[in-house]
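Report on one structure; see the data block that follows.
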Number of protein chains: 2
Amino acid sequence: MPPANTRQQIVNAANDLFYRQGFDHTSFADIAGAVQISRGNFYYHFKTKDEILDAVIETRLADTRAMIAAWAADSPDPAQRIRSYIRILITNWDKIRCFGCPVGTLTTELAKLDHGAGRAATEVFSEFRGWLAEQFRALGRTEDADELAMQVISFSQGVATLACAFDDEAFMRSEVERMSNWLDGIAAESTRT
Amino acid sequence: MPPANTRQQIVNAANDLFYRQGFDHTSFADIAGAVQISRGNFYYHFKTKDEILDAVIETRLADTRAMIAAWAADSPDPAQRIRSYIRILITNWDKIRCFGCPVGTLTTELAKLDHGAGRAATEVFSEFRGWLAEQFRALGRTEDADELAMQVISFSQGVATLACAFDDEAFMRSEVERMSNWLDGIAAESTRT
DNA sequence: GTCTATACACGGATAGAC
DNA sequence: GTCTATCCGTGTATAGAC
């Protein structure tokens, strides 16, 4: 088949490398090597490294929206939908154990670099946050929906960070289980009324 | 007064810069500038950048032990001791809001760099983990003391990551409050027997 | 112990041929 | 659109004077 759009190949490779090595530590040479393209070439597609970062974040934002849409299509049950989010820890464990959460690690790296794209990177969190809050609202938690959404994301960030540091799958699994039980409790409250 | 040991000054400056800018992104020039020393000079004290990192981690480990000892001296009450840990989020908020947790962000960075010192960095987590588990054991939770310790650390990591991304002090404070209430519940169980 | 000078590789970025 | 060649700053690290 004809190779996909070179620009998109660059973004895909950068997306992966920024996750695995960090943004700052990833060089043009790294990306060029992954795409099998000459270093000089992709200045045709992107003028600066920051432009690549912007494109990567845009891609991640789109991927996030697609993932959320898929979860929404999977089940109409709000609790089940929230569970889908929590279970990313299991689904992506192979990568998370090595590199942590792509969203959390990028935002903190950009914070340390004092990089302007930090706000854009945080948008990915906001996407999850808004959608999770919707689900909690559907469970009758109109007052604290946003707070609960933040708690769920915070939970997953903590587990990702610690489970990666200790490379501890058992801890990750027991925490997912615990969170799932907590969710059952909230869902039960909502059906009781 | 006579300037403190140059070696220690270097380590202190590196400690701070590694936290604020990240290890990889901090150059010798940055450290030299902070210590007001010539670049060439501190090769007398450290042969490589990795050696500075080792010294920084050693310092952090010592600082952690000192902090724990201070908390232990502050109160004999295990619940209060655990609360001291949780309240770091408030105490160090000025820095955490900008740079996250020093321990969590360093371990994840070193994981991405595939740096050998990652294991040493994780030791700082282990120090907290062991001590927190002791406190939960003192509260009668002999079975799941270590798991609870991990939950507390995981909690603080999640809050640090999210509160930093959104620069949201209110969220951090409400979460510290929630965790504190959870702790009260555990402490109450222990006195009931 | 501290400095200056310098070696040398790698980083991002540009020019211009094909 | 893709390549080669190249510029220039910065990064780690060394040599050697003081």
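The chains referred to below are lettered A, B, ... by the order of the sequence lines, with proteins before strands, and numbering in each begins at 1.
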May I have the distance from Lys49(A) (atom NZ) to dT10(D) (atom C1'), rounded to whole angstrom? 13 Å

Heavy-atom check, side chain of Gln157(A) versus side chain of Gln157(B), under 4.5 Å: no

Any side-chain heavy atom of Ile68(A) sitting closer than 4.5 Å to one from Thr64(A)? yes

Taking side chain to side chain donor-acceptor pair (under 3.5 Å) as the definition, give me every residue that meets it alongside Tyr85(B), ordered by chain and number, with sequence neighbours left out. Ser156(B)

I need the residues from residues 21-36 of chain A with at least one non-hydrogen atom less than 4.0 Å from DNA chain D; give them sorted by number, or say none. none

Separation of Leu53(B) atom CG from dT12(D) atom C1', in whole Å? 15 Å

Partners meeting side chain to side chain contact (heavy atoms under 4.5 Å, CB included) with Asp77(A) (sequence neighbours left out): Ser75(A), Ala79(A), Gln80(A)

Atom pair distance, as rounded to whole Å: CD1 in Ile10(B) and P in dA13(D): 14 Å

Counting C-beta onward and ignoring hydrogens, is there a side-chain heavy-atom pair between Arg7(B) and Tyr44(B) closer than 4.5 Å? no

How would you give the extent of chain B contacts on DNA chain C, as first and last nucleotide 5' to 3' within a 4.0 Å heavy-atom cut-off? dG1(C) to dT6(C)

Kindly write out the residues that satisfy side chain to side chain contact (heavy atoms under 4.5 Å, CB included) with Arg141(A), not counting sequence neighbours, or none if the list is empty. Phe136(A), Asp144(A), Leu148(A), Ile186(A), Glu189(A)

For Asp114(B), I'd like to know if atom CG has over 12 heavy atoms of other residues, nucleotides or ligands within 6.0 Å. no

Restricting to side chain to side chain donor-acceptor pair (under 3.5 Å), what partner residues turn up for Thr105(A), sequence neighbours left out? Lys112(B)

